[in-house]
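Numbers here are sequence positions counted from 1. As the structure is a computational prediction, the values presented were derived from the model and not from experiment. Atoms considered below: every heavy atom in the structure, side chains included; atoms not considered: hydrogens, waters and symmetry mates.
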Amino acid sequence: MDKEYAQYLETLCKENDIMLIVDEVQTGIGRTGTFLCCEQYHILPNIITLAKGLGAGLPIGAILMDETAGEIFQPGQHGSTFGGNPVVCAGGIEVLKQVCNEAFLSSVSTKAVYLKEQLLALPGVADVSGLGLMIGVTVVEGLAARQIASRCAESGLLILTAKSKLRIMPPLNITMEEIDRGIDVLRKCLSEQAHL
């Protein structure tokens, strides 16, 4: 999303006494290089939803809210299937200890810059977009993202697609060596697809 548009929405909501809710289920917990993606947009929503990254694979969901939202939501008014599970909450606390470390977030940003540079150097890649380790790869016309992702899976690299883009979301603790191995697999699969 365009940053100016996000800031405009925040202003519009505040001027009209409308709650601004930001869904950070995928983008939160360090995925984009900051603890919350909305930090990069310089906005402060009333409510932020969290999940996936918070549990590092364990089923958990959470919401963060400001005082305005806190006056509306009272204890017991909102529940969830996995709410309050002590084992999962313990896992979430450990995730937060790691991700809230400034050095960890810095490493996510460093790896993201490196990965994007490597992706842009690949034949068949037209563009790379995204924030942090949430990356979209536009392939050149004539290449099919779904077929490339399928070939990558056969070679041990799991990537997703988003319409005509490749969608790459590696673990935040991925090593540079693992990035290089993934780039090698993707290079091979792009080359194979280009020759079909």
Run the side-chain donor-acceptor check on residues 169-178: report pairs under 3.5 Å with partners two or more places apart or on a different chain.
{"residue": "Thr175", "atom": "OG1", "partner": "Glu178", "partner atom": "N", "Å": "3.0"}
{"residue": "Thr175", "atom": "OG1", "partner": "Glu178", "partner atom": "OE1", "Å": "3.2"}
{"residue": "Glu178", "atom": "OE1", "partner": "Thr175", "partner atom": "N", "Å": "2.8"}

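- Nearest heavy atoms, Leu158 versus Ala153: CD2-CB, 4.1 Å.
- Within the 4.5 Å cutoff, the side chain of Leu12 has no heavy atoms near those of the Ile18 side chain.
- Contact annotation: the side chain of Leu157 approaches that of Ile159 to within less than 4.5 Å [non-hydrogen atoms, C-beta and beyond].
- Screening residues 118-146 for side chain to side chain donor-acceptor pair (under 3.5 Å), with sequence neighbours left out, gives Ser129-Lys165.
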Step-by-step side chain to side chain contact (heavy atoms under 4.5 Å, CB included) determination, Leu20 to Leu44: CA-CA 8 Å; Leu20 177 61; Leu44 189 58; over 6 Å; no

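- When all heavy atoms are compared, the tightest approach of Pro59 to Val88 is O-CG1, 3.2 Å.
- The OG atom of Ser155 lies 8.5 Å from the CZ atom of Arg151; values are rounded to the nearest 0.5 Å.
- Every side chain to side chain donor-acceptor pair (under 3.5 Å) that Lys188 has, sequence neighbours left out, goes to Glu192.
- If you chain together hydrophobic residues whose side chains sit under 4.5 Å apart, Leu115 and Leu160 never meet in one group.
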Worked check of side chain to side chain contact (heavy atoms under 4.5 Å, CB included) between Leu105 and Asn101: CA-CA 7 Å; Leu105 289 174; Asn101 179 326; over 6 Å; no

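- In terms of heavy atoms, Leu143 sits closest to Ile148 at CB-CD1, 4.0 Å.
- Ala6 and Ile43 get closest at one heavy-atom pair: O-CG2, 3.9 Å.
- Taking CZ of Phe35 as the reference point, atom CG of Leu50 lies at 6.5 Å (rounded to 0.5 Å).
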Working for side chain to side chain contact (heavy atoms under 4.5 Å, CB included), residues Cys38 and Leu36: CA-CA 5 Å; Cys38 63; Leu36 297 170; 4.0 Å; yes

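- Applying the under-4.5 Å side-chain rule to Ile, Leu, Val, Met, Phe, Trp and Tyr, the cluster around Met19 extends to Ile21, Ile47, Ile63, Met65, Ile72, Phe73.
- For residues 25-46, the side chain to side chain donor-acceptor pair (under 3.5 Å) pairs, not counting sequence neighbours, are Glu24-Thr27, Gln26-Arg167, Thr32-Gln40, Thr34-Gln40, Asn46-Asp66.
- With hydrogens and angles ignored, the 3.5 Å screen pairs a side-chain donor or acceptor of Lys116 with a backbone N or O of Gly130.
- For the pair Asp184 and Arg187, the salt-bridge criterion is met [side-chain N within less than 4.0 Å of a carboxylate O].
- Connection of Ile60 to Val87 is not established within any shared hydrophobic cluster, with ILVMFWY side chains joined at heavy-atom distances below 4.5 Å, either directly or through further cluster members.
- When all heavy atoms of Leu131 and Cys37 are compared, the closest pair comes out as CD1-SG, 3.7 Å.
- Closest heavy-atom contact between Val95 and Gly53: CG1-O, 3.4 Å.
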Full working for side chain to side chain contact (heavy atoms under 4.5 Å, CB included) between Ile135 and Leu166: CA-CA 8 Å; Ile135 299 171; Leu166 298 172; over 6 Å; no

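- Between the side chain of Thr11 and the backbone N or O of Gln7 there is at least one donor-acceptor pair closer than 3.5 Å.
- Counting heavy-atom neighbours within 6.0 Å of Phe104 CZ, excluding the residue itself, gives a total above 12.
- Following chains of ILVMFWY side-chain contacts shorter than 4.5 Å, one cannot reach Val113 starting from Met134, and the two form parts of different hydrophobic clusters.
- Here Leu190 contributes atom CG and Leu119 contributes atom CG; the two are 9.0 Å apart, rounded to the nearest 0.5 Å.
- Counting heavy-atom neighbours within 6.0 Å of Gln74 CD, excluding the residue itself, gives a total above 12.
- Sorted by first and then second residue, the salt bridge (Lys or Arg N to Asp or Glu O under 4.0 Å) pairs with a member in residues 87-101 read Glu94-Lys97; sequence neighbours excluded.
- Between Val137 and Ile168 there is a side-chain heavy-atom pair separated by less than 4.5 Å.
- When the shell of 6.0 Å around CG of Asp2 is examined, it contains more than 12 heavy atoms from other residues, nucleotides or ligands.
- Grouping the Ile, Leu, Val, Met, Phe, Trp and Tyr side chains by contacts below 4.5 angstrom, directly or via other members, places Val25 apart from Leu54.
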